[in-house]
2 protein chains.
Amino acid sequence: MTRVLVIDDEVPILRALKINLTARKYDVSTAADGASGLAAMARERPDVLILDLGLPDMDGTDVIRGVRGWSSTPIIVLSAWGQESQKVAALDAGADDYVTKPFGMDELLARLRAAVRRASPAPDEPVIATGEFTVDLADKRVTRAGADVRLTPTEWQLLEVLARNADRLVTQRQLLSEVWGPGYQNEANYLRVYMASLRRKLEPDPSAPRYLLTEPGMGYRFRP
Amino acid sequence: MTRVLVIDDEVPILRALKINLTARKYDVSTAADGASGLAAMARERPDVLILDLGLPDMDGTDVIRGVRGWSSTPIIVLSAWGQESQKVAALDAGADDYVTKPFGMDELLARLRAAVRRASPAPDEPVIATGEFTVDLADKRVTRAGADVRLTPTEWQLLEVLARNADRLVTQRQLLSEVWGPGYQNEANYLRVYMASLRRKLEPDPSAPRYLLTEPGMGYRFRP
DNA sequence: CCACTGCGTTAAGAACGCATCAAGATCACG
DNA sequence: CGTGATCTTGATGCGTTCTTAACGCAGTGG
């Protein structure tokens with residue numbers, strides 16, 4: 001399901017968007033100001049961002065630049081009628097499109113479809129390499145000794161979270177919540193089962209892991 | 001120098017665009033109706049097309065479709081104020097952007113820059129070849145053993161998405177969303193039916209696919 | 001020295017995903 | 001308006017993956 005993040009401080013617009021987009025099978029989350037919007041972008045990695053330029057705490061173009069610094073997620077800007085220069089600045093800051101308020105829902109939906117369609121050739125994501133194997137986030141592919149390693153979906157999700165946080169300690173709660181969902185934070189068993197499976201497929205000596213490390217009592221760490 | 005083709009039947013607009021764009025170092029050519037516009041597209045292969053929807057001889061969306069049939073050149077549409085449904089139709093037909101008349105030249109220039117920038121990441125439309133068949137993205141044609149393979153529209157769309165992401169895992173969500181639309185992301189059945197059909201037409205041994213691979217639980221991958 | 005806790009390992013049934021087939025609905029075309 | 005192609009939808013069988021529970025082991029603290 002396509003995930004959309006809406007950053008807007010006007011409650012009626014937020015509600016209207018949420019209702020209409022949800023009805024069209026989009027997965028909608030919201031933020032009411034620029035700061036929490038940027039945080040939500042990093043946390044949720046939506047497929048599209050809909051951004052109102054008139055935010056209380058930040059200039060809209062700064063939000064765009066904040067996002068463009070690390071992500072090429074399509075951005076559709078909402079702006080009040082007549083603010084020509086603002087729109088131009090937004091587009092030049094890296095926005096993909098804009099819609100003038102008041103806008104028709106059909107138009108927004110069409111632009112949304114167009115933005116998602118254009119973005120589909122996925123942006124570049126890094127390849128993380130260890131002495132034993134490599135993890136290609138974009139291709140969703142793991143290679144070891146020249147050959148692809150077959151991972152099950154759950155195995156891959158787990159490895160992906162660890163790889164995206166390479167060298168950082170990832171807590172059990174975070175892993176469980178990101179791979180299985182927020183309701184599974186006590187099922188530490190799952191982690192053991194799947195870490196064992198990953199080690200069996202990736203570590204030279206699964207019983208003495210060199211790359212997928214356990215931090216007792218805390219969580220796990222991926223050391224490339 | 002960026003080449004722009006303007007298709008518009010209103011002389012004042014045509015003149016204004018020509019002057020302004022030329023001053024900005026664009027290489028501008030013009031056409032006054034849909035038919036000669038399509039001819040000019042094929043002949044001159046501009047980098048961007050600016051298209052007025054209100055042409056005397058053809059419906060604007062038909063012009064767009066005529067172009068999209070063989071080219072992914074960015075299209076910016078000009079339309080009169082208030083013609084919501086027309087804009088939506090234009091965007092869905094494959095237009096990249098639109099500007100409402102009367103428009104400010106600054107705005108048009110910003111959208112022009114944005115369109116060119118988006119397109120610049122090499123819209124390479126190569127011919128992708130495997131040991132068994134070749135896929136020509138530009139001609140929308142698949143050849144196997146020297147002969148054209150007849151694909152239905154849906155089959156082609158599916159193959160095209162996979163081919164554009166060659167070697168990359170494409171998730172079911174992405175495939176469903178790009179081929180059938182954002183509302184179909186749970187209809188994984190469609191994928192199975194059409195992948196089976198593609199394999200029947202393209203794979204030497206459809207039950208042991210070599211090029212159209214299944215990644216269980218995740219999606220599909222096209223390996224040229 | 002012994003219970004307790006957290007981690008790794010294994011195994012088995014349940015649940016799920018995929019391929020395939022077939023038939024009804026719908027569309028495009030003459 | 002009829003016909004053939006294409007798309008949608010449901011059902012079936014099979015293999016894989018997930019979930020769950022049990023057990024062993026090491027470290028820790030009583």
Side-chain angles (χ1 to χ4, degrees), chain A residues 140 142 148-160 162 169-173 175-181 183-221, chain B residues 62 65 69 140 142 148-162 169-181 183-222:
Chain A
K140 290 199 194 308
V142 181
D148 281 7
V149 179
R150 250 189 66 69
L151 298 185
T152 73
T154 311
E155 286 164 3
W156 169 260
Q157 279 193 274
L158 186 56
L159 180 62
E160 178 170 0
L162 288 168
L169 170 65
V170 189
T171 64
Q172 303 196 354
R173 291 172 60 86
L175 286 170
L176 286 165
S177 153
E178 292 207 31
V179 176
W180 280 271
Y184 289 72
Q185 306 196 356
N186 296 323
E187 305 286 358
N189 240 336
Y190 294 6
L191 284 181
R192 300 195 196 106
V193 172
Y194 279 91
M195 284 301 298
S197 169
L198 276 179
R199 284 169 174 159
R200 210 173 315 123
K201 292 184 178 179
L202 299 178
E203 291 276 359
D205 178 2
S207 60
R210 298 179 51 189
Y211 307 108
L212 299 166
L213 310 179
T214 303
E215 300 275 351
M218 313 278 303
Y220 295 87
R221 184 194 307 270
Chain B
D62 289 335
R65 269 183 283 269
K140 292 201 188 303
V142 181
D148 279 9
V149 180
R150 248 190 76 67
L151 297 185
T152 72
T154 310
E155 286 165 1
W156 169 259
Q157 279 193 273
L158 185 56
L159 180 62
E160 177 169 0
V161 176
L162 287 167
L169 171 65
V170 189
T171 64
Q172 305 196 355
R173 279 182 27 176
Q174 189 178 345
L175 287 170
L176 286 165
S177 155
E178 293 206 30
V179 176
W180 281 271
Y184 288 74
Q185 307 198 356
N186 296 323
E187 306 286 356
N189 244 333
Y190 294 7
L191 285 181
R192 302 199 191 103
V193 172
Y194 278 90
M195 284 301 299
S197 167
L198 276 178
R199 284 169 175 160
R200 233 188 340 268
K201 293 184 178 179
L202 298 178
E203 291 276 358
D205 178 3
S207 61
R210 298 179 49 190
Y211 308 108
L212 299 165
L213 309 180
T214 303
E215 300 274 351
M218 317 210 20
Y220 294 88
R221 187 193 304 271
F222 176 45

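Here is the naming used below: chain letters follow the sequence lines, and residue numbers restart at 1 for every chain. These numbers come from the heavy atoms of this one structure, side chains and all, not from hydrogens, waters or symmetry mates.
Looking at B:R199, its side chain does come within 3.5 Å of a backbone N or O of B:L212 through a donor-acceptor pair.
To the nearest 0.5 Å, atom CG of residue B:N186 and atom CG of residue B:L176 are 8.5 Å apart.
Contact annotation: the side chain of B:D148 never approaches that of B:V142 to less than 4.5 Å [non-hydrogen atoms, C-beta and beyond]. At least one side-chain heavy atom of A:K140 sits less than 4.5 Å from a side-chain heavy atom of A:E160.
Atom CG of A:L191 is separated from atom C1' of D:dC18 by 14 Å (rounded to the nearest Å). Residue B:N189 contributes atom CG, which lies 11 Å from atom P of D:dA11 at whole-angstrom precision. Put simply, OH on B:Y184 is 10 Å from C1' on D:dC7, counting in whole angstrom units. A:W156 has its CH2 atom 18 Å from the C1' atom of D:dT17, to the nearest Å. Rounded to whole Å, atom P of D:dA22 lies 14 Å from atom OH of A:Y190. For A:L198 and C:dT9, the CG to P distance is 12 Å, given to the nearest whole Å. The CD atom of A:E187 sits 12 Å away from the C1' atom of D:dC18 (whole-angstrom rounding). Rounded to an integer number of Å, the gap from B:K201 NZ to D:dT6 C1' is 10 Å.
One finds no side-chain N or O of B:R200 lying less than 4.0 angstrom from the OP1 or OP2 phosphate oxygen of C:dA19. The shortest distance between the side-chain N/O atoms of A:Y194 and the OP1/OP2 oxygens of C:dT10 is not below 4.0 Å. Of the side-chain N and O atoms in A:Y220, one or more sit less than 4.0 angstrom from OP1 or OP2 of C:dG8. Side-chain nitrogen and oxygen atoms of A:T152 include at least one within less than 4.0 Å of the OP1 or OP2 phosphate oxygen of D:dC18. Dashed line: the shortest gap from a side-chain N or O of A:Q172 to OP1 or OP2 of C:dG6 is not under 4.0 Å. Contact annotation: B:T214 reaches the phosphate of C:dA19 (side-chain N/O to OP1 or OP2, under 4.0 Å). Phosphate contact (OP1/OP2 of D:dT8, side-chain N/O of B:W180, threshold under 4.0 Å): present.
Both A:V193 and B:V193 lie close to DNA chain D; mapped to their nearest nucleotides by heavy-atom distance, the more 5′-ward contact belongs to B:V193.
Contacts of B:E155 with the nucleic acid, taken as non-hydrogen atoms under 4.0 Å apart, are absent. Among the heavy atoms of the strands, none lies under 4.0 Å from A:E215.
Other residues, nucleotides and ligands contribute only 12 or fewer heavy atoms inside 6.0 Å of the CZ atom of A:R173.
Applying the side-chain contact (heavy atoms from CB on, under 4.5 Å) test between B:E155 and each of B:V179, B:L198, B:L202 identifies B:L198 as the sole match.
Counting only heavy atoms from C-beta on, B:R192 has its side chain closest to C:dG17 among C:dG17, D:dA21, D:dC7. The A:R199 side chain lies nearest to C:dG8 when the options are D:dT16, C:dG8, D:dT8. Side-chain proximity of B:R150 to D:dT17, D:dC18, D:dA5: nearest is D:dA5.
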